[in-house]
Each structure stands twice: as C-alpha cells, then as structure tokens.
Protein chains: 2
Amino acid sequence: MRWHKISDAVVRRLPLYLRVLEEASRDEDKQLMSSQELGDRAGVAPALVRKDLAWFGEFGKQGVGYQVDYLKTELRRILNLDREIRVGLVGVGALGHALVRYHRIRSMRNSSFHINLIALFDNDPAKFGEHVVDLEIWPLELLAEKIKALKLEIIIVTVPAAHAQEVVDLAVAAGIKAILNFAPVKLTVPEGVHLANADLSLELQRLAYYLNE
Amino acid sequence: MRWHKISDAVVRRLPLYLRVLEEASRDEDKQLMSSQELGDRAGVAPALVRKDLAWFGEFGKQGVGYQVDYLKTELRRILNLDREIRVGLVGVGALGHALVRYHRIRSMRNSSFHINLIALFDNDPAKFGEHVVDLEIWPLELLAEKIKALKLEIIIVTVPAAHAQEVVDLAVAAGIKAILNFAPVKLTVPEGVHLANADLSLELQRLAYYLNE
DNA sequence: TAGATTGTTAATCGATTAACAATC
DNA sequence: TAGATTGTTAATCGATTAACAATC
C-alpha cells in the first residue's frame, strides 16, 4: 500500500517516461539520463519529472542522473508491468477486429510487453468460434465466467454505444477493475473501477474548434 | 477572433455538452435544460457548465435554464461543426481500415455530422487504387497535393511509429492545422498546429497502474 | 409575486514551476 | 575539488467550486 494517493496527472506521465527510457536503452544503448533529457524527450519540464519520480522513491543520484535500466525496472514495477496483465475485448466489429490485430501483433513482436489480449466476446452467434489472428470469439454470455476463469483484469469495450453500459455492468459485477472504452457514451462505474476513454468523435470535435483562429 | 484565449480544459468539455444536448433533443424531445441537469449528464459540476458556456456568450435565462435547440446550434457554431470539416487518413493498415469503416458508416447514418473523412493515403503500391467502403487509397506522394486540392483540414495518422513524424511534417508543410495521432510516439508540431493523441498502449499502461490497490 | 436558475466574483483547491541545499 | 544534478520546499499559476446578486 502506498502512503500518498498519487494524482492521475502523475500516473499518466509514468508510461511516457517508461517509453522514453525503453527507446533510449534499445536504440542508443543509453545508460544514464538526467531529468532534463528525460523531460525533453517526454515533453515534460525537468522539475516535474523529478517531482513525479520522487513520489515513488529516490531513483537518481545527485550530479549524475538516473540509471536508465534501473529506472526502467522501477517504473515497470510501479505500473504493474512486471507481471502479466490479461485483457479481454468485447465487441468484435470493425474497430474491435483492428484492435485485436494491432495488439496481438505488437505483443508477439515484443515479448516484454506484458499486457496481453487473450479473450474476445461478441453477441452475434454468427461470430462464435471464429478466430481473429489466434484468438477465438466467445459468446457474450460467457463474459463473467471467463473473466473469473482467465483472471482478466482489463476489458476493452468496442460495442455500439447503446450496449456499452450493460457490458460494463456485467464486467464490473464479475470483478473487472479497469476499462478502456471506445463507445461514444459516458459510462458510469462504481468507486474503485478505473475508466479510460478513447472517444474518437470527441477528439475530432475538439480539434475542429481550433480550425479557424 | 475571440477576446479571451479559451483553455483547452474548457474546449474538451464542449463536445461533451453538445452530445448531451443532441441525445436529449433526439431521444426525449427535450426543450429546456438547466446547468444542473446538463452537468449531471456530462459528468461536470453545474457551476463549471455555466462558467464554460459564459466564455462564449449568454446562452441561458435566469430561472429557466438553456433552450436545448439554441444552445446546440451555438455549440455547433463554436466548434465549427456548422460547416463541413474534411479529414484525410494516412496509413490504411488494420487500424486505419477499421477507422475508415467506423467513420464512413457513422457519417452516412448521421447527415448532420459534418466531420467527413474523404481521402485515404498509404505508401504501399499494392494498395493504390483499392477502395475502403467508398474511398480510394492514394499514394502517400499525393498527400500534400490532395490536402490543398481537397481542402483537408485534419489528418488521422495510423502509420507505424517510425513514419509518423515524417508524415506529420509533410502534412503540416501542406497546411494541415489539426492531427489525430494513433502512432505510439511523441510528435512535434509547430505553434498553431493542434495535436490529439489516441495512444492505446499509454492508456492501457495507465490503467495497469491501478490494478493492485 | 415567489421560486428557480443564470452569469459572475471571490475562495479554494491542486498542479506546475522556480529555487536551492544536499551530495554525488 | 568543482561541476552537475537530484530531491524537496516555497512560490506561482491555473482550474474548479462556492456563493450570491441579478433577473426571468
């Protein structure tokens, strides 16, 4: 258990730092990085990088900077990426299909990426038993059962807006603690369940605002 | 030209309000809505709803609330959704393909949705001339030319991370002012060009943080 | 009129930045 | 040692919330 409640603003930057460290170590074999450089590459002010990291421990050395490998390991641990995280996807339409392919290929190439999509669900009987890449599509009725049996921890929701809330309610009742939602609808989840929204039309509408200044 | 520079936090909520108003008027034929109800439905405090709207004018009546139709019209105008916004998509892989289908079908069903995806680009000659739904895939070489000829204002980037920055540079040089990026990479754009990131792996990594509290 | 709700100002809250002593 | 850079505190900035006069 952590002492302070870390704000979501901080948590959102951690994967950014991790990505910078992974690229620097993979592409440049970099051993050390200062908060200045890490910040530059992540698009974050150096003082903020140090403050963010300091919530979790003392990872750097004065006058030297941060050991890339060590900080990488620590960030993975903090983000729970040092163990397998099992993910299910509900709604294998065009978008769901694409996300499966995108994700399966990524996780096959990069064995250290421990967020694994391992189960697909749909409510269309015509799709039951069908495979996308190497994953079988299960009937939506099996969602709760499979969440428990396969220890799924995150679900990706790519069903039509009208069905998203009921899918989420089912999943939450079965113990799901995190949801990545693509449906263009505001979902309600109980305290303790975390929601990330990937709502493309909202993003496009936001961008449209800036088009005549 | 607007008097105050409106913060992005405000702009992000406007499409949310618009969606609530559209649903209320379409599904419930609602005529009036208070900041209280609009806020409840959008997940925003009522005082913040009033403050956000007040940046752009006086749209409500004391003791009464907001006229749904009127506010809807005003929000559309503010967001530039009262005119056609033309969008191009670069990188017709699995994800790009799915976004095209998702978006074309949406815009065909909902004629009032004026953000239109009208051009596709890829660098794979095998795909040139191929159609996705009703849209032809053009060679990436034509990007700059087509941006100008078709008056594209937004591009959606679904190319691999390694190519995203060069695509963006090309597009920006040709006059693009807004970019929706799906590539898992931090893009650099000049002042005045707006960027929205839809980076799925960052979102999943963020969610993973919350999985053992 | 009485009740309701806006638009707006002041107060609060939270996040970022600046500054610097500690120390490698 | 001298220079560099961390971890941390204080100052600043910005966004949200509370409160209320105006008014429909």
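To find a chain, count down the sequence lines: A is the first, B the second, and so on, and within it residues start at 1.
In this structure, the nucleotide among C:dG7, C:dT5, D:dT16 sitting nearest to the side chain of B:S34 is C:dT5. For A:L48, the listed nucleotide lying nearest its side chain is C:dT16; candidates were D:dT16, C:dT16, D:dT5. Relative to the side chain of A:K51, the nucleotides D:dT16, D:dA10, C:dA15 differ in distance, and D:dA10 lies closest.
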Go through A:K146 and A:F121 one step at a time and tell me if the side chain to side chain contact (heavy atoms under 4.5 Å, CB included) criterion holds.
CA-CA 10 Å; A:K146 291 283 179 188; A:F121 303 89; 3.6 Å; yes
Given A:D199 and B:R19, is the salt bridge (charged side-chain N to carboxylate O under 4.0 Å, His left out) satisfied, shown in steps?
CA-CA 12 Å; A:D199 193 323; B:R19 177 182 287 170; 2.8 Å; yes
Within the sub-3.5 Å range, which N or O atoms of nucleotides 20-24 of chain D have a protein N or O partner, and how far apart are they?
{"residue": "D:dC24", "atom": "O4'", "partner": "B:Q62", "partner atom": "O", "Å": "3.3"}
{"residue": "D:dC24", "atom": "O2", "partner": "B:Q62", "partner atom": "O", "Å": "3.3"}

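Between B:Y66 and C:dG7, a side-chain N or O to OP1/OP2 separation shorter than 4.0 Å is present. Between D:dT6 and A:S35, a contact under 4.0 Å exists linking OP1 or OP2 to a side-chain N or O.
Taking 4.5 Å as the limit, some side-chain heavy atom of B:I78 sits within range of a side-chain heavy atom of B:L14. Using a 4.5 Å heavy-atom threshold, the side chains of A:T158 and A:L89 count as touching.
The line from CD1 of B:I154 to NE2 of B:H194 is 11.0 Å long, rounded to the nearest 0.5 Å.
Between B:Y70 and B:F59, the angle of the ring planes goes over 60°, which puts this pair in the perpendicular group of the 30/60° scheme.
The closest side-chain donor-acceptor pair between B:N80 and A:Y209, if any, does not fall under 3.5 angstrom.
Distance B:K5 NZ to D:dC13 C1': 16 Å, rounded to the nearest Å. A straight line from CH2 of B:W55 to C1' of C:dT9 spans 12 Å, rounded to a whole angstrom.
Classification of B:E22 and B:K30 as a salt-bridged pair fails, no side-chain N sitting under 4.0 Å from a carboxylate O.
With hydrogens and angles disregarded, a donor-acceptor distance shorter than 3.5 Å links the side chain of B:N181 to the backbone of B:A183.
Two residues, B:A47 and A:G57, neighbour DNA chain D, and the one matched to the more 5' nucleotide by heavy-atom proximity is A:G57.
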Dot-bracket for DNA chain D, 5' to 3', counting Watson-Crick or G-U wobble pairs under 3.5 Å, with [ ] for crossing pairs and | for inter-strand pairs?
..||||||||||||||||||||||
